[in-house]
Amino acid sequence: MILQERLKTIDVILGSKSPRRKELLSDMDIAFKVEVRETDESYDPNLSPIQIVQYIADAKLAAFPSDEYADKLVICADTIVLDEKGAVLGKPKDLKEAKEVIQGLSGKMHWVYTAVSCAYQNQFIRFVEETQVWLNNLSEAEIEYYVQKYQPLDKAGSYGIQEWIGRIGIGKIIGSYENVIGLPTARLQVELKKLV
């Protein structure tokens, strides 16, 4: 029996309001409900980037009490972007910052890390997936066009690879494309088979 058949007998909860994660999980042929719990996403600045993203994914999962959700499969995730110097790039506070972030990434390589934390029947899996992304040199006009036409404010690193900027600006990636969108689906399939 494949994972997707097995999951038809289990209530699956996606603990994320991200429309991109919802779409990716749907594309995996997994039926689920979305439940979002308020989570404090502050973290110790001394943590490494991988520890930060895993800490936030774990915090999101911890918002679902194990006694109430024991027989449900809960999937939570968090994504961060690091520039070539290793600085964490969160969601921009406004369009000006979004333009500055994309200008800083233009013509360079950056990293995208997505951490996934899952629980089912008091068993847990957690992992972090890494993808390297090279952004071509983008003109100021191209960056301006992107931030005005699309919604970069809800995206770590100020851009969505699945949008126009990804179609015209990504020179190369090493790793999972879906990871950059926000959910490493191939790795998730492998890991969930261990859990359920």
Open item on the list: What I'd like to find out is whether the side chain of Cys118 reaches to under 4.5 Å of the side chain of Leu188, using heavy atoms alone.
Closed with: yes

Task: Nearest-0.5 Å distance, CD1 of residue Ile52 to OH of residue Tyr113 - done: 11.0 Å

- [ ] Measure the shortest side-chain to side-chain distance between Val116 and Glu191 over non-hydrogen atoms and say whether it is less than 4.5 angstrom.
- [x] no

Task: Approximate separation, where rounding is to 0.5 Å, of Leu47 CG and Tyr55 OH - done: 8.0 Å

Task: ILVMFWY network linking Val133 to Ile143, side-chain heavy atoms under 4.5 angstrom - done: yes

TODO: Locate the shortest heavy-atom distance separating Asn137 from Gly107; write the atom from each residue and the value.
DONE: OD1-CA, 3.3 Å

Open item on the list: How about CD on Gln4, more than 12 heavy atoms from neighbouring residues, nucleotides or ligands closer than 6.0 Å, or not?
Closed with: yes

Task: Minimal non-hydrogen separation, Asp58 against Ser117, with atom names - done: OD1-OG, 2.5 Å

Open item on the list: On a heavy-atom basis, which atom in Pro49 and which in Gly86 lie closest, and how many Å separate them?
Closed with: CG-O, 4.4 Å

Open item on the list: What's the separation between atom OG in Ser158 and atom CD in Gln151, rounded to the nearest 0.5 Å?
Closed with: 13.0 Å

Task: Under the side-chain hydrogen bond (donor to acceptor under 3.5 Å, both in side chains) test, residues paired with Glu5 that sit two or more places apart - done: Lys8

Listing, residues 61-69 side-chain donor-acceptor contacts under 3.5 Å, not counting sequence neighbours, or none:
{"unit_1": "Tyr69", "atom_1": "OH", "unit_2": "Glu35", "atom_2": "OE1", "d": "2.4"}
{"unit_1": "Tyr69", "atom_1": "OH", "unit_2": "Arg37", "atom_2": "NH2", "d": "2.5"}

Task: Residue pair Val101 / Val81, side-chain heavy-atom distance below 4.5 Å - done: no

Open item on the list: How about CD on Glu23, more than 12 heavy atoms from neighbouring residues, nucleotides or ligands closer than 6.0 Å, or not?
Closed with: no

Task: Side chain proximity check, Asp71 to Gln121, heavy atoms < 4.5 angstrom - done: yes

Open item on the list: Is there a path of hydrophobic side-chain contacts, each under 4.5 Å between heavy atoms of I/L/V/M/F/W/Y residues, joining Trp111 to Ile170?
Closed with: no

- [ ] Using a 4.5 Å cut-off on heavy atoms from C-beta on, say whether the side chain of Val53 contacts that of Thr79.
- [x] no

TODO: Check whether Val180 and Met109 end up in the same hydrophobic cluster, where Ile, Leu, Val, Met, Phe, Trp and Tyr are linked by side-chain heavy atoms less than 4.5 Å apart.
DONE: no

Task: Residues which pass side-chain contact (heavy atoms from CB on, under 4.5 Å) with Thr9, listed by chain and number, not counting sequence neighbours - done: Arg6

TODO: Measure from the side-chain N and O atoms of Lys60 to the backbone N and O of Ala77, and report whether any donor-acceptor pair falls under 3.5 Å.
DONE: yes

TODO: Say whether Leu82 and Leu89 are linked into one hydrophobic cluster, either directly or through other cluster members, by side-chain heavy-atom distances under 4.5 angstrom.
DONE: no

Open item on the list: For the CG atom of Asp78 and the CG atom of Leu183, what is their distance to the nearest 0.5 Å?
Closed with: 12.0 Å

Task: Nearest non-hydrogen partners of Leu135 and Leu105, listed with the distance - done: CB-O, 3.7 Å

Task: Partners passing salt bridge (Lys or Arg N to Asp or Glu O under 4.0 Å) against Asp154 (at least two apart in sequence or in another chain) - done: Arg20

Task: Atom of Gly157, atom of Ile102 and distance for their closest heavy-atom approach - done: O-CG1, 4.5 Å

Show me the side-chain donor-acceptor pairs of residues 171-179 shorter than 3.5 Å, one per line, residues at least two apart or across chains.
{"unit_1": "Ser176", "atom_1": "OG", "unit_2": "Glu178", "atom_2": "N", "d": "3.3"}
{"unit_1": "Ser176", "atom_1": "OG", "unit_2": "Asn179", "atom_2": "N", "d": "2.9"}
{"unit_1": "Tyr177", "atom_1": "OH", "unit_2": "Arg167", "atom_2": "NH1", "d": "3.3"}
{"unit_1": "Asn179", "atom_1": "OD1", "unit_2": "Thr114", "atom_2": "OG1", "d": "3.1"}
{"unit_1": "Asn179", "atom_1": "ND2", "unit_2": "Val112", "atom_2": "O", "d": "3.4"}
{"unit_1": "Asn179", "atom_1": "ND2", "unit_2": "Glu129", "atom_2": "O", "d": "3.1"}
{"unit_1": "Asn179", "atom_1": "ND2", "unit_2": "Thr131", "atom_2": "OG1", "d": "3.0"}

Open item on the list: Just to verify, what does Ser16 make a side-chain hydrogen bond (donor to acceptor under 3.5 Å, both in side chains) with, not counting sequence neighbours?
Closed with: Arg21

TODO: Would you please name every residue forming a ring-ring contact (aromatic ring centres under 6.0 Å, His included) with Tyr150, sequence neighbours left out?
DONE: Tyr146

Task: Contacts of type ring-ring contact (aromatic ring centres under 6.0 Å, His included), residue Trp164, not counting sequence neighbours - done: Tyr145

Open item on the list: Applying side-chain hydrogen bond (donor to acceptor under 3.5 Å, both in side chains), can you list everything that pairs with Gln51, at least two apart in sequence or on another chain?
Closed with: Ser48

Task: Minimal non-hydrogen separation, Pro152 against Leu95, with atom names - done: CG-CD2, 3.9 Å

Task: Residue pair Ile75 / Ile30, side-chain heavy-atom distance below 4.5 Å - done: no

- [ ] Mind jotting down which residue pairs meet the side chain to side chain donor-acceptor pair (under 3.5 Å) criterion with at least one end in residues 81-90? Sequence neighbours excluded, please.
- [x] none

Task: From CD (Glu163) to CD1 (Ile181), nearest 0.5 Å - done: 10.0 Å

Open item on the list: Restricting to salt bridge (Lys or Arg N to Asp or Glu O under 4.0 Å), what partner residues turn up for Lys22, sequence neighbours left out?
Closed with: none

Open item on the list: Are Asn136 and Ile168 packed together at the side-chain level, in the sense that at least one heavy-atom pair is separated by less than 4.5 angstrom?
Closed with: no

Open item on the list: What's the separation between atom CG in Leu25 and atom CZ in Phe32, rounded to the nearest 0.5 Å?
Closed with: 4.5 Å

Task: Hydrophobic cluster membership, Leu195 vs Met28, 4.5 Å side-chain cutoff - done: yes

TODO: Could you name each residue pair satisfying salt bridge (Lys or Arg N to Asp or Glu O under 4.0 Å) that touches residues 93-121, not counting sequence neighbours?
DONE: Lys93-Glu97, Lys96-Glu100, Lys99-Glu144

